[in-house]
Amino acid sequence: KNEPSAKALGHKTARGGIVTMSGQGFRFVLQLGSTMVLARLLTPDDFGLIGMVTIVFSFLNMFKDFGLSQAIIQRTEVTREEVSNLFWVNIAVTVFLALCVALCAQMVATFYGREELTSLTVVLASFMILQGAGLQHRALITRKMEFMKLAVVETGAILVGVIVAVVLAYYGFSYWALVGQVGAAALVSLIGFLVFCRWLPSKPSASVSIRPYLKYGGNLAGFNLVNFFSRNADNIMIGYAWGGEALGIYTKAYGLLMLPLQQINAPMTKVMLPVLSRLQSNSQEYSSYYLKAVGYIIALTFPIVGFFLGSSHFIVLILLGENWLGAVQIILLKTFLLPFM
């Protein structure tokens, strides 16, 4: 297939960027609103319990995908048979990991000294299968740069998840409200990707090699593994040493700081990855697009960091409430350390 011209690719990128940023903006409002509501309906300990389990699932998610979704987006050409084989690999790995987590749920609870984590871990493990089943569909939509479809699915999933969480929290389901949010979002995402992608996998074929995808995915997973421990070692130690309430305040502070930054980084990455994949053979265009993207990210994120430095107390008080004022010092410290993370 002929690759699109730089001009056509630029127009498509611009349209995709507008759509993605618009969807991201709406999701940001949803996440901010849900943060304000749930912080007043739930306790720091509720968030801390979920944070303890989230560490485990964040680690396993690297192996659930194994970088295969990114490999599909990155490749210049893919076949239906290759994607089908990758789909079944993802399903097999996801089911295996979900079973392992469920069997180790008691160990997680024992490590943190919280028996509630046993049932929490088992339920969240089942959601991994829903998430894994839609990985290749999402990758195919991204590869075709159909950003409107991605925005609709991802925004719808967050909206339904927020509604479920708020309703459950209002009726006193405590940390199960946050579990319901994850499950509802995973289910809606899967349904949305199936509807919009309109692709069904064929039977796995032993004659079709996916070795290049596994090699690329393995390298990416290796990087993600190192990055995971650099970003989550603090959460593990805090949860183990000081318990759920301390971890809840810590994770909410960091999440609040990263929320606006993610609204910039996530859509830029989503749009630029398929674009850069199509420019692999043109180093000059590749470098130009990449440097422009990095410049935009820096220009947009620095003012946000400055705002958090000057207004952290006000931000926490307005968004989370007085029960969360312990997060102020954490936000200030994290903001100073952000350039080194």
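On a predicted model such as this, the values are computed, not experimentally measured, just so you know. Residues: numbered from 1 along the sequence shown.
No single ILVMFWY cluster, assembled from side-chain heavy atoms under 4.5 Å apart, contains both Val53 and Met237. If you chain together hydrophobic residues whose side chains sit under 4.5 Å apart, Leu117 and Trp242 fall into the same group. Connection of Tyr171 to Val123 is established within a shared hydrophobic cluster, with ILVMFWY side chains joined at heavy-atom distances below 4.5 Å, either directly or through further cluster members. Clustering ILVMFWY residues whenever any of their side-chain heavy atoms sit less than 4.5 angstrom apart, transitively, puts Ile55 in a cluster other than the one holding Leu103. No continuous path of ILVMFWY side-chain contacts below 4.5 Å connects Val179 to Val122, so the two sit in separate hydrophobic clusters.
Considering Leu38, Leu247, Thr54 in turn, Leu38 is the only one that fulfils the side chain to side chain contact (heavy atoms under 4.5 Å, CB included) rule with Phe47.
Ile163 places a side-chain heavy atom less than 4.5 Å from the side chain of Leu159. Using a 4.5 Å heavy-atom cutoff, the side chains of Leu168 and Trp176 are not in contact.
In this structure, the side chain of Asp46 engages the main chain of Thr43 through a donor-acceptor pair within 3.5 Å. Remark: side-chain polar atoms of Thr155 are not paired, donor with acceptor, to backbone N or O of Val152 under 3.5 angstrom. A distance-only check finds a donor-acceptor pair linking the side chain of Ser84 to the backbone of Ser202 [under 3.5 Å]. Formation of a donor-acceptor pair under 3.5 Å by the Arg40 side chain with backbone atoms of Leu319 is found in this model.
Distance check: Tyr250 OH to Leu333 CG gives 7.5 Å after rounding to the nearest 0.5 Å. Taking CD1 of Ile129 as the start and CG of Leu99 as the end, the distance is 6.5 Å to the nearest 0.5 Å. The distance from the OG1 atom of Thr35 to the NZ atom of Lys252 is 4.5 Å, given to the nearest 0.5 Å. Of the inter-residue distances, the one linking Leu150 atom CG with Arg138 atom CZ reads 5.5 Å to the nearest 0.5 angstrom. Taking CD1 from Ile249 and CD1 from Ile331, the interatomic distance works out to 11.0 Å, rounded to the nearest 0.5 Å. Rounding to the nearest 0.5 angstrom, the gap separating the CZ atom in Phe87 from the NE2 atom in His137 is 6.0 Å.
Residues satisfying the ring pair (Phe, Tyr, Trp, His ring centres under 6.0 Å) test with Tyr175, not counting sequence neighbours, are none. With sequence neighbours left out, Asp45 forms a salt bridge (Lys or Arg N to Asp or Glu O under 4.0 Å) with Arg114. Applying the salt bridge (Lys or Arg N to Asp or Glu O under 4.0 Å) criterion to Glu81, with sequence neighbours excluded, gives no partner residue.
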Name the atoms and distances for all side-chain donor-acceptor pairs under 3.5 Å in residues 308-318, with sequence neighbours left out.
unit_1, atom_1, unit_2, atom_2, d
Ser311, OG, Phe307, O, 3.3

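Scanning all heavy atoms of the two residues, the minimum distance from Ala184 to Val160 falls at CB-CG1, 4.1 Å. Contact record, Val166 with Leu41: O-CD1, 4.1 Å, taken as the closest heavy-atom pair. Counting all heavy atoms, side chain and backbone alike, Leu130 lies closest to Ala186 at CB-CB, 4.1 Å. Between Ala98 and Ala125, the shortest heavy-atom contact is CB-O, 3.4 Å. In plain terms, the two heavy atoms of Thr118 and Ala105 that are nearest each other are O-CB, 3.5 Å. Of all heavy-atom pairs spanning Asn323 and Pro44, the tightest one is O-CG, 4.5 Å.
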Stepwise side chain to side chain contact (heavy atoms under 4.5 Å, CB included) check, Val164 with Gln181: CA-CA 6 Å; Val164 169; Gln181 182 176 15; 5.8 Å; no

Val101/Phe57 under side chain to side chain contact (heavy atoms under 4.5 Å, CB included): CA gap, chis, key distance, verdict: CA-CA 9 Å; Val101 172; Phe57 286 97; 3.7 Å; yes

Criterion side chain to side chain contact (heavy atoms under 4.5 Å, CB included) on Thr121 and Val56, from CA distance to verdict: CA-CA 9 Å; Thr121 304; Val56 177; 5.6 Å; no

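Between the side chains of Ser119 and Glu116, no donor-acceptor pair is found at a separation under 3.5 Å. Between the side chains of Tyr254 and Asp234, no donor N or O sits under 3.5 Å from an acceptor N or O.
Applying the side-chain hydrogen bond (donor to acceptor under 3.5 Å, both in side chains) test to pairs two or more places apart or on separate chains, those with a residue in residues 123-136 are Lys64-Gln131, Asn90-Gln136. Residue pairs that meet the ring-ring contact (aromatic ring centres under 6.0 Å, His included) test with at least one member in residues 110-134, sequence neighbours left out, are Phe111-Tyr240.
Within 6.0 Å of atom CE in Met36, more than 12 heavy atoms from other residues, nucleotides or ligands are found, so the atom counts as buried in its surroundings.
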